[in-house]
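Input: a single structure, listed below in C-alpha cells.
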Amino acid sequence: MMSKLKRIVDESREHKTKEIDLSDRGIQNINEVPGLMMLEHLTHLTMSHNKLAAVPPSIGELVNLQLLNLFNNIIEELPTSLSGMQKLKILNLGMNRLSHLPRGFGSFPSLEMLDLSYNNLSEQSLPANFFFVNTIRTLYLSDNDFETFPSDISKLKELQVLSFRDNDLISLPKEIGELRKLKELHIQGNRLTVLPPELGNIELTGTKSVFKADRNPWVHPIQEQFALGKTHVFDYIRSDTYKYLYGRHVNADPTPPPKSTDKAKKICKKPLHSKK
Amino acid sequence: MCAALVNGASNGDGVVLPICKAKESGAAVTSETYEYEQAQAKQRKQSESEEKQDAGGLRHVDSFKPLIPSVSMTSQLAQAVCVRCRGGFTPVEQMVNSNGEIYHENCFVCAQCFQKFPEGLFYEFEGVKYCEHDFHMLFAPCCGKCEEFIVGRVIKAMNNSWHPECFTCQICSAALADVGFVKNAGRSLCRPCHNREKALGLGKYVCNKCHTIIEEEPLRFKGDPYHPFHFNCDNCGKELTSDARELRGELFCLPCHDKQGIPICGACRRPIEERVVSAMGKHWHVEHFVCAQCEKPFLGQKHYERNGHAYCEMHYNQLFGDVCYHCNEVIDGDVVSALNKSWCVRHFQCTCCNTKLTLKNKFVEYDMKPVCRKCYEKFPLELKKRLKKAAESERRQ
Ligand SMILES: [Zn+2]
Ligand SMILES: [Zn+2]
Ligand SMILES: [Zn+2]
Ligand SMILES: [Zn+2]
Ligand SMILES: [Zn+2]
Ligand SMILES: [Zn+2]
Ligand SMILES: [Zn+2]
Ligand SMILES: [Zn+2]
C-alpha cells in the first residue's frame with residue numbers, strides 16, 4: 001500500500017501532474033504518503049473516503065492548491081494554516097467530525113465553494129471572522145446543528161447557494177434578503193415556522209433557482225401557500241398582510257417547535273470506536 | 001362592564017359605537033376636562049370666583065386680602081366665630097374672610113399640610129380647602145401610562161385616566177383620543193388593528209383599503225386581500241366582484257379580461273393602434289420593445305429573454321452566457337445542464353470524489369450536487385435513509 005501511494009507522488013513530481021486522486025485508500029495519516037506536502041505544483045488534491053483524523057499544518061505549503069477535497073474522513077481539528085492558502089477556491093470538508101472551525105477560518109483570500117455538510121457544527125462553531133470570506137459562492141451546511149444563523153450572512157455578497165437541509169433552525173436572519181445573487185436555498189427539515197418577509201427581495205422561483213423548504217412546521221398561512229406552489233409562497237411573503245402577521249408572530253415570541261430526532265443516528269455523533 | 005363614561009360617544013368619522021357592547025366592540029373615548037387650569041384660576045377676581053362652581057363638585061376660589069377690623073364693628077366682632085376652630089376674635093386679631101366664611105389667620109390653612117396657601121390660592125373639595133400641591137396629590141388623576149398628573153384634558157377609558165397623547169393603540173401606537181378605540185381582549189386598539197385581530201380569529205381577511213373584515217370572497221390584488229367593490233374594471237368601469245382578474249398590474253372584470261380589446265403596450269401602458277409586437281406574454285409598440293440593457297428597439301430582430309426581460313444578442317451573451325458552477329467562468333463550448341445548474345463539459349464531476357461525470361453516467365442528487373454511484377454507496381446508511389425519506393416528502397409536496 002505504502003509503495004503504491006509513494007509511486008503516485010513520485011509520478012506527480014516527475015510529470016508535474018497537477019491533480020492527485022488519493023480517495024478511498026484507507027489513509028489514516030497524511031504522513032503515510034511521503035513527499036505529498038512537497039508537491040508545490042499541485043492544484044487539485046482529493047483525499048475523500050479515507051480515515052484522516054487531522055490535517056497537518058504543513059498543508060499550507062501546497063501554495064498552488066485550488067481544490068482540496070477531504071470528504072468523508074474523521075477530521076475533528078483543522079490547522080489555522082488552512083485559511084492562509086492563497087489560491088484555494090474549492091474546499092470540501094463534508095462528512096467529517098468537526099464541531100468547531102479554527103481561529104481565523106474566514107481569512108481565505110479566494111475561497112469560492114465551501115462544503116461543511118454532515119459535521120457537528122452550530123452557530124457557536126463559527127470563528128469571529130467567518131463572514132470575511134466574501135468571495136464565497138456556495139456554502140453547504142446541511143446535516144449540522146444550527147439553530148440560528150448570524151445576521152452577518154449579509155456580508156457574503158457573492159453567495160449563490162446556501163444549504164441548511166436538516167439542521168435545527170428556528171429562524172432565518174432577515175439579512176438573507178440582502179443576498180442579491182442567491183439562487184439556491186435549501187432549508188428543508190428544520191424547525192422553521194415563518195419566513196422573514198425580506199426573503200421576498202430575492203428571486204428563488206425561476207428555472208435556474210432552487211428553493212427547498214419542505215419538512216418544516218410552517219404556520220398555517222404559509223403552509224397553505226406551499227400547497228399552491230413556491231411562487232405563491234413568495235407572492236405571499238411580499239404582501240402587506242404577511243408583513244403584518246410576521247411582525248405579530250415575532251413579537252409574540254412563540255416557543256420554538258421541538259427538535260426532531262431524525263439526525264440522532266448521524267455517524268459523526270457517535271464515539272469513534274463504534275464506527276467500523 | 002362599560003369601559004368608559006359618557007355622552008355622545010361619537011367619533012370623528014361619525015361612527016357611533018354602542019357603549020354597552022363593550023366586551024366585543026368596545027366603547028368610544030370621551031374626555032373630561034376638569035375645571036382647575038391654574039393659569040386661569042390665578043387671574044380670577046373674587047366676584048367671579050364666588051359664582052364659580054361646577055358640576056364636577058370641584059370649586060376654585062381665590063382668597064383675598066385679610067380685613068383690618070374697625071372699632072365700630074367691635075360688637076359684631078364679639079359674635080364672629082372662626083369656621084375652623086369655632087373660637088371668637090379679639091379686637092387686635094386679624095381675620096380672613098373667604099366667601100363670607102371667617103377664619104383666624106392661623107386657621108386659614110391647607111387641610112393637608114397646615115401651611116398658608118401660597119399666593120392665597122386654594123382648591124376646595126367637598127368643603128375642605130387644600131393648597132395646589134396637595135390638591136394635585138390627592139385628587140388630580142394620574143396617567144395610566146406615564147404616571148404623571150394630568151392637567152387639562154383627561155381621557156377616561158379602560159378603567160383608567162390618560163393624557164390624550166398617552167392613550168394609544170396597543171398594537172400600532174396610533175393616538176386614540178380623537179378617533180375612538182375598540183376594546184379587544186383587554187387591550188385598547190385602533191379600529192384597523194382591531195379588525196385585523198378579529199379577522200385573524202375568524203380565519204378571515206381584512207381589506208387592505210378600508211381595514212374591515214371581508215365576509216365574502218376577497219379580491220386579491222398585488223398579494224393583498226380587498227373588498228372587490230373598492231375597484232372598478234380598468235376597461236369597462238364596472239364595479240368588480242371576486243372573480244376579477246389582475247393583468248399587468250390592472251384589474252379587469254372577467255369578460256373584459258377575456259376579450260382585452262385593444263392591446264396595451266407593456267412599456268408605456270397606452271393602447272397600441274398601429275403595429276403590435278407580441279412577446280413575453282405582453283404587447284408592445286414596435287418602438288417600445290427594446291433591449292433591457294442598451295434600450296435599442298429590436299425592430300423585428302431576434303431577442304433573448306431572461307427573468308422577464310428581453311435583451312439583444314450581444315447583451316444577452318455579455319450578461320448571461322452560461323456560467324460554470326465549478327469554475328465560475330462563462331462556458332465556452334458545450335454546456336452540461338443538470339440540477340438547475342450549468343457546467344463546462346470537463347468540469348461536470350462528482351462533488352464527493354471529483355471523478356468526471358457525463359450525462360450518461362448515473363449520478364445521485366445530493367443537495368442539488370451530483371454524486372457518483374460509488375460515493376453514494378459509501379454514504380452512512382442513516383443518511384441514505386433520511387435522504388430517501390426527504391425525497392419522498394418533497395415529491396408529495
Ligand atoms: Zn397643603
Ligand atoms: Zn401620561
Ligand atoms: Zn392600531
Ligand atoms: Zn374594503
Ligand atoms: Zn408603448
Ligand atoms: Zn442591447
Ligand atoms: Zn467550468
Ligand atoms: Zn464520487
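Not measured: the values here are computed from a predicted model. Scope of the values below: all heavy atoms of this structure, side chains included, with no hydrogens, waters or symmetry mates.
- A 6.0 Å sphere centred on NZ of B/Lys385 holds no more than 12 heavy atoms belonging to other residues, nucleotides or ligands.
- Within a 6.0 Å radius of NZ in A/Lys208, other residues, nucleotides and ligands contribute more than 12 heavy atoms.
- In this structure, A/His186 and B/Asp367 approach most closely via the heavy-atom pair CE1-O, 3.3 Å.
- More than 12 heavy atoms of other residues, nucleotides or ligands lie within 6.0 Å of NZ in A/Lys269, so this atom counts as buried by the packing criterion.
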Legend entry - side chain to side chain contact (heavy atoms under 4.5 Å, CB included) between A/Asp143 and B/Leu383, worked out: CA-CA 9 Å; A/Asp143 292 312; B/Leu383 177 61; 3.4 Å; yes
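- Each of B/Arg220, B/Lys378, B/His326 has some count of heavy-atom pairs under 4.5 Å with chain A, and the biggest count is that of B/Lys378.
- Across every non-hydrogen atom of B/Pro380 and A/Ile267, the tightest pair is CG-CD1, 3.5 Å.
- At least one donor-acceptor pair closer than 3.5 Å links the side chain of A/Asn69 to the backbone N or O of B/Cys352.
- We find the SG-OH distance between B/Cys193 and A/Tyr244 to be 5.5 Å, quoted to the nearest 0.5 Å.
- Note on ring orientation: taking the six-membered ring where Trp is involved, the planes of A/Phe71 and B/Phe379 are tilted (angle from 30° to 60°).
- Looking at A/Ser209, only its backbone comes within 4.5 Å of chain B, counting heavy atoms on both sides.
- Looking at A/Lys183, there are no atoms closer than 4.5 Å to chain B (heavy atoms on both sides), in backbone or side chain.
- With a 4.5 angstrom heavy-atom cutoff, A/Tyr242 does not touch chain B via any of its atoms.
- Heavy-atom distances place no part of A/Gln66 under 4.5 Å from chain B, backbone and side chain included.
- Contact count versus chain B (heavy atoms, under 4.5 Å) is highest, among A/Val161, A/Val210, A/Asp235, for A/Val210.
- Of the residues considered (A/Gln188, A/Arg238, A/Met95), A/Met95 shows the highest number of contacts with chain B, using heavy-atom pairs under 4.5 Å.
- For A/Glu203, no part sits under 4.5 Å from any heavy atom of chain B, backbone or side chain.
- The parts of B/Tyr325 that come within reach of chain A are both its backbone and its side chain, each placing non-hydrogen atoms under 4.5 angstrom from that chain.
- The neighbour count for B/Lys374 NZ, taken as heavy atoms of other residues, nucleotides or ligands under 6.0 Å away, does not exceed 12.
- Remark: the backbone N or O of A/Thr241 is paired with a side-chain donor or acceptor of B/Asp224 at under 3.5 angstrom.
- Of the two parts of A/Arg165, only the side chain, counted from C-beta on, holds a non-hydrogen atom closer than 4.5 Å to a non-hydrogen atom of chain B.
- Looking at A/Lys263, the atoms closer than 4.5 Å to chain B (heavy atoms on both sides) sit in the backbone and in the side chain alike.
- Scanning all heavy atoms of the two residues, the minimum distance from A/Arg215 to B/Ala390 falls at NH2-CB, 3.3 Å.
- Residue-environment remark: NZ (A/Lys157) exceeds the threshold of 12 foreign heavy atoms within 6.0 Å.
- No donor-acceptor distance shorter than 3.5 angstrom exists from the side chain of A/Ser23 to the backbone of B/Cys353, with no hydrogens or angles considered.
- When every heavy atom of A/Ser117 is checked against every heavy atom of B/Tyr366, the shortest pair comes out as CB-OH, 3.7 Å.
- Ionic pairing of B/Glu382 and A/Lys266 is not present here: no N-O contact between side-chain nitrogen and carboxylate oxygen is shorter than 4.0 angstrom.
- The side-chain heavy atoms of B/Lys369 and A/Asp115, taken from C-beta on, include a pair separated by under 4.5 Å.
- No donor-acceptor pair closer than 3.5 Å links the side chain of B/Arg196 to the backbone N or O of A/Leu245.
- At least one donor-acceptor pair closer than 3.5 Å links the side chain of A/Asn92 to the backbone N or O of B/Thr351.
- Taking B/Arg386, B/Lys389, B/Met368, B/Lys222 one by one and counting their heavy-atom pairs under 4.5 Å with chain A, the maximum is reached by B/Arg386.
- Side-chain contact check for A/His44 versus B/Asn354: every heavy-atom pair is 4.5 Å or farther apart.
- Contacts of B/Leu339 with chain A are made by backbone atoms alone, with heavy-atom separations under 4.5 Å and no side-chain atom involved.
- For the atom pair CG (B/Asn328) and CE (A/Met113), the distance works out to 8.5 Å, reported to the nearest 0.5 Å.
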